[in-house]
Amino acid sequence: MNPPLILCIEDEAPLRDDIAFELRDAGFRVITAADAAEALRRLEGRQPDLILCDIVMPGMDGKALLAHLRRTRPDLNAVPIVFLTALSSRAQMIEGRSLGADDYLTKPIDYDLLRVTIESRLAQGRRGEVGRSLAALIDRLIRDEAKGSPEGLSLASGGQIMVMGLPLGAGQPVGGAAAMLILSDPRARHMLHAATLAQMF
């Protein structure tokens, strides 16, 4: 699995280079942009896992860019956006969050806080992915059951968890249940003993 991709939009070249270096050193993939126009070009046909965006930039500022992305790129709605700013007044934070910003980091950048903030926002996104995967899988199982094709096994992946669903078949649901969901961590690769599998299935 590829490391998360971070888009860093910062007009100050030395700071942009420092942020990119720190993030790559922490194991992230990074693409950079000096302003909103370059960021929009970088986003063509691409979906980063998180966007770091300076607020005060020449041309379109960070808030205008965020509003533009929320309006024109619904595919990026679930991508966390973290503002970088030297100005962190309460009014600015309220305005940014009302536009859809997920977090703020103040300059000068504390790189430990930057890494922790990014990891936290990415983990929150993965939890959302798992929920969306479960909802989609349950919906598909219900549709399959209604069509009378209960034998199909469905697989979905959300972040670091694998979700498997199996309709329990036509007729009377078992204990009121129509489907079985199995959540599994694909990193745990140990096999169950044959006797345990036999008891379960």
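Heavy-atom basis, side chains included; hydrogens, waters and symmetry copies ignored.
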Visitor: Could you check if a side-chain atom of Leu15 sits within less than 4.5 angstrom of a side-chain atom of Asp17, using non-hydrogen atoms only?
Guide: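 Leu15 does not reach Asp17 side chain to side chain.
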
Visitor: What residues, two or more places apart in sequence or in another chain, satisfy side-chain hydrogen bond (donor to acceptor under 3.5 Å, both in side chains) together with Arg46?
Guide: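 Residues passing side-chain hydrogen bond (donor to acceptor under 3.5 Å, both in side chains) with Arg46: none at all.
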
Visitor: For Asp18, which residues count as a side-chain contact (heavy atoms from CB on, under 4.5 Å) partner, sequence neighbours excluded?
Guide: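 Only Tyr111 meet the side-chain contact (heavy atoms from CB on, under 4.5 Å) criterion with Asp18.
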
Visitor: What residue among Asp110, Asp112, Asp103, Asp102 forms side-chain contact (heavy atoms from CB on, under 4.5 Å) with Thr117?
Guide: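 Filter result, single survivor: Asp103.
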
Visitor: Could you pull out all residues at least two apart from Ile118 that satisfy side-chain contact (heavy atoms from CB on, under 4.5 Å)?
Guide: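 Partners of Ile118 by the side-chain contact (heavy atoms from CB on, under 4.5 Å) criterion, ordered by chain and then number, come out as Ile6, Leu23, Phe28, Leu50, Leu52, Leu114, Leu122.
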
Visitor: Taking the side chain as every heavy atom from C-beta outward, state whether Pro48 and Leu76 have any pair of such atoms under 4.5 Å apart.
Guide: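 Yes, at least one pair of side-chain atoms sits under 4.5 Å.
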
Visitor: Under the rule for side-chain contact (heavy atoms from CB on, under 4.5 Å), what residues qualify as partners of Asp61, not counting sequence neighbours?
Guide: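 Testing Asp61 for side-chain contact (heavy atoms from CB on, under 4.5 Å), a comparison that skips the adjacent residues, returns Lys63, Ala64.
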
Visitor: Which pair of heavy atoms, one from Met60 and one from Met57, lies closest together, and at what distance?
Guide: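 That would be O-CE, 3.7 Å.
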
Visitor: Are the charged groups of Lys107 and Glu10 less than 4.0 angstrom apart, N to O?
Guide: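 Counted as a salt bridge, because a side-chain N and a carboxylate O are separated by less than 4.0 Å.
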
Visitor: Taking only residues two or more places apart in sequence, or in another chain, which ones meet Phe21 in a side-chain contact (heavy atoms from CB on, under 4.5 Å)?
Guide: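 By the side-chain contact (heavy atoms from CB on, under 4.5 Å) rule, Phe21 matches no residue at all.
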
Visitor: If two hydrophobic side chains count as joined below 4.5 Å and joins carry through other members, does Leu113 share a cluster with Leu84?
Guide: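 Per the 4.5 Å side-chain linkage, Leu113 and Leu84 are co-clustered.
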
Visitor: Is there side-chain contact between Ile9 and Asp54, with heavy atoms separated by less than 4.5 Å?
Guide: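 Contact flag for Ile9/Asp54 side chains = no.
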
Visitor: With side chains defined as the heavy atoms from C-beta onward, is the minimum distance between Asp11 and Pro58 less than 4.5 Å?
Guide: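 Yes, their side chains come closer than 4.5 Å.
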
Visitor: Provide the closest heavy-atom pair for Cys53 versus Gly62 in the form atom of the first, atom of the second, distance.
Guide: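 Cys53 and Gly62 have their closest heavy atoms at SG-CA, 3.8 Å.
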
Visitor: Could you work out, with side-chain hydrogen bond (donor to acceptor under 3.5 Å, both in side chains) as the rule, every residue matching Asn77, not counting sequence neighbours?
Guide: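 Asn77 satisfies side-chain hydrogen bond (donor to acceptor under 3.5 Å, both in side chains) with no other residue.
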
Visitor: Stepwise, does the side-chain contact (heavy atoms from CB on, under 4.5 Å) test hold for Ile51 with Val82?
Guide: CA-CA 6 Å; Ile51 298 172; Val82 177; over 6 Å; no

Visitor: Just how far is it from atom CD1 of Ile19 to atom CD1 of Ile109, taken to the nearest 0.5 Å?
Guide: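 These two atoms lie 5.0 Å from each other.
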
Visitor: Is any side-chain heavy atom of Leu40 less than 4.5 Å from a side-chain heavy atom of Leu65?
Guide: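 A side-chain contact exists here, since the closest heavy-atom pair is under 4.5 Å.
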
Visitor: What residues form a side-chain hydrogen bond (donor to acceptor under 3.5 Å, both in side chains) with Arg42, not counting sequence neighbours?
Guide: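 Expected list: Glu38.
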
Visitor: Any side-chain hydrogen bond (donor to acceptor under 3.5 Å, both in side chains) involving residues 25-36? Give me the pairs, sequence neighbours left out, ordered by first then second residue.
Guide: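 Counting only pairs at least two positions apart or across chains, no side-chain hydrogen bond (donor to acceptor under 3.5 Å, both in side chains) contact touches residues 25-36.
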
Visitor: Taking the side chain as everything from C-beta on, heavy atoms only, tell me whether Leu43 gets closer than 4.5 Å to Leu69.
Guide: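 They are in side-chain contact.
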
Visitor: For Tyr104 and Ile55, what are the C-alpha separation, side-chain angles and deciding distance, and is it a side-chain contact (heavy atoms from CB on, under 4.5 Å)?
Guide: CA-CA 10 Å; Tyr104 276 81; Ile55 292 180; 3.6 Å; yes

Visitor: Looking at every heavy atom in both Arg16 and Ala33, which two are closest together, and how far apart are they?
Guide: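 Here Arg16 and Ala33 meet closest at CD-O, 3.5 Å.
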
Visitor: List for me each residue that meets side-chain hydrogen bond (donor to acceptor under 3.5 Å, both in side chains) alongside Glu12, sequence neighbours excluded, and say none if there are none.
Guide: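 Per chain and number, Glu12 pairs via side-chain hydrogen bond (donor to acceptor under 3.5 Å, both in side chains) with no residue.
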
Visitor: Looking only at heavy atoms, what is the nearest atom pair of Arg115 and Ala26, with distance?
Guide: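 Between these two residues, the closest heavy atoms are CD-CB, 3.3 Å.
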
Visitor: Quick one: salt bridge (charged side-chain N to carboxylate O under 4.0 Å, His left out) partners of Arg24, sequence neighbours excluded?
Guide: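 Salt bridge (charged side-chain N to carboxylate O under 4.0 Å, His left out) list for Arg24, sorted by chain: empty.
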
